[in-house]
2 protein chains.
Amino acid sequence: MRARAITHATPAESIGERVRATGKRMTVQRRLVLEALQQAKHHTTAEEIASRIRRQYPQIDPSTVYRNLEALEELGLVTHTHFEDRVTRWHLADAHRHGHLICRSCGAELEVPMSLLEPLAAKLRAKHGFVADLAHSAVVGVCSACASVSSR
Amino acid sequence: MRARAITHATPAESIGERVRATGKRMTVQRRLVLEALQQAKHHTTAEEIASRIRRQYPQIDPSTVYRNLEALEELGLVTHTHFEDRVTRWHLADAHRHGHLICRSCGAELEVPMSLLEPLAAKLRAKHGFVADLAHSAVVGVCSACASVSSR
DNA sequence: GCGGTTATCGCAACCAGCCGCAATAGCGGG
DNA sequence: CCCGCTATTGCGGCTGGTTGCGATAACCGC
C-alpha cells in the first residue's frame, strides 16, 4: 500500500519520504507531533502539543516535542511565530502565511494578509538588502476597540 | 505638596517625584536600575543590568531588577524591545525610537529609522484601526551579506 | 521626628525551553 | 530477513525569567 493518491498538500506518506530524504528518521514521536499540529491547526504552543500527545502516550518527554518541532522546522514543514506573551506558537508551514496583530491591552489577536506587510518587506529589501520575515513576530499595538475606549 | 514642574528632560530629582506621584516609591534598588540604564544607554538586557548592579550591591536579587524594569515601564520612563533570541532588551524611554532588523543567520543587528516603518503603521491604522508599535519587536530576516552568500 | 500603611524586597519555588548522556530503534545494505 | 550505523529518545539537570510569600522600609499624616 504505498504512496498512491497525491491528494492535496502533504499526504502523510510523502512527509515521511521528505524526512528520510535528508537523513532524518520518521519516528512515532515525530509523527505524533505532526498529527497534533494538524489537529490543532492554529498556532499551538509546544506545551499544548506535548500534553495532547501525553494523554495517549504519557511516556513521551516534552523535550522530545521541542526537538521535533525544531527538526521539522529545519525541513520547512513547520514554522513558529513569536507572540507577545513569551511563549512561541507553532503551526504547519503550508497553512497560509499571514501576519499577526496583538492588542497589548485586551490581548486580542488579529490576522492580516501578507499583502499588507509586503510593501514594507520590499522597502527593507531595496534599501538595506534585508530579506525580512514579517510573519515571524506578531505586531503589538492597541486594537481599535481598546483605542476608542481609552481615548474616551 | 511639591510636585509641580514637569521639565521635559529628567533630572534625577524629578524622576523621583514622578515615581512618587503615582503612589510608587523611589527605592535604592529602583534608582540603581535607572542608573544602570543610563550608563549602558543602548538596549541592555535585564541580566546585564542585574550583574552590573550586583558588582556593587551583591545582595540585590535579579527578580527585583525585573520587577523594577516593569514598574518603570508602567511609568513611561523605560521601554523594552523583543529581539529574536527571546531576550528582552531595555532602554530609557527618551532614547530616540527606531526599528531593529536582525539577521537570523549571522545575528547582525541593524537599526532603521521609524519613518521607514511608519507607512505600514499608517496602513494598519487605516484598515484595522490598529495602533501598531512597530519598534516593539525586531524584524527578523536575512541580512544582505548572508543573503548573497547563501545564494552563491 | 514618629508610626502605620502598604509598596517593595529577597528568597525560594516554579515555568518554558534546552542540553548532555546512555539506551533505543529507524533505515539502508547485504 | 537480519545487521550495524547513527539519529533520536527519555531522563536528569540547567538556564533565563517569573511568581508567591513573609519580612522590610519608603512615604504620608500627625
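Values below: every heavy atom of this structure, side chains too, minus hydrogens, waters and symmetry copies. Below, read A as the first sequence line, B as the second, and so on, with proteins coming before strands; counting in each chain starts at 1.
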*Round to a whole Å and report the spacing from CD of B:Glu17 to C1' of D:dC28.*
15 Å
*CD1 of A:Ile60 versus C1' of C:dA25: gap in Å, rounded?*
14 Å
N/O to N/O distances under 3.5 Å, protein versus nucleotides 17-24 of chain C:
unit_1 : atom_1 : unit_2  : atom_2 : d
C:dG17 : OP1    : A:Thr88 : N      : 3.3
C:dG17 : OP2    : A:Tyr66 : OH     : 2.6
C:dG17 : O5'    : A:Tyr66 : OH     : 3.3
C:dG20 : O6     : A:Arg67 : NH1    : 3.0

*Does the ring center of A:His82 lie less than 6.0 Å from the ring center of A:His136?*
yes
*Do the side chains of A:Trp90 and A:Thr45 get nearer than 4.5 Å, heavy atoms only?*
no
_Interatomic distance, A:Arg25 CZ vs C:dG26 P [rounded to whole Å]_ = 9 Å
*Would you please confirm or rule out a distance under 4.0 Å between OP1 or OP2 of D:dC27 and any side-chain N or O of B:Arg20?*
yes
*asked:* Taking the ring of B:His80 and the ring of B:His100, is the distance between their centroids below 6.0 Å?
replied: no
*asked:* Can you tell whether the side chains of B:Asp133 and B:Arg97 come within less than 4.0 Å, N to carboxylate O?
replied: yes
*Any idea which of C:dC9, C:dG10, D:dT9 is nearest the B:Gln59 side chain?*
C:dG10
_Is there a path of hydrophobic side-chain contacts, each under 4.5 Å between heavy atoms, that joins A:Val139 and A:Val87?_
no
*Can you name the side chain to side chain donor-acceptor pair (under 3.5 Å) partners of A:His91, sequence neighbours left out?*
none
*Figure out the CE/C1' separation between A:Met26 and D:dA7, and round it to whole Å.*
13 Å
_Integer-rounded Å distance: D:dT9 C1' and A:Ile53 CD1_ = 13 Å
_A:Thr64 side chain near D:dG10 phosphate (N/O to OP1/OP2, under 4.0 Å)_ = yes
_Value in whole Å for how far the C1' atom of D:dA7 lies from CD of A:Gln29_ = 12 Å
_Quick check: do B:Val19 and B:Arg25 have side-chain heavy atoms less than 4.5 Å from each other?_
no
_Rounded to whole Å, how long is the line connecting atom CG of A:Leu69 with atom P of D:dT9?_
11 Å
*Between atom CG in B:Leu32 and atom P in C:dG10, what is the gap in whole Å?*
10 Å
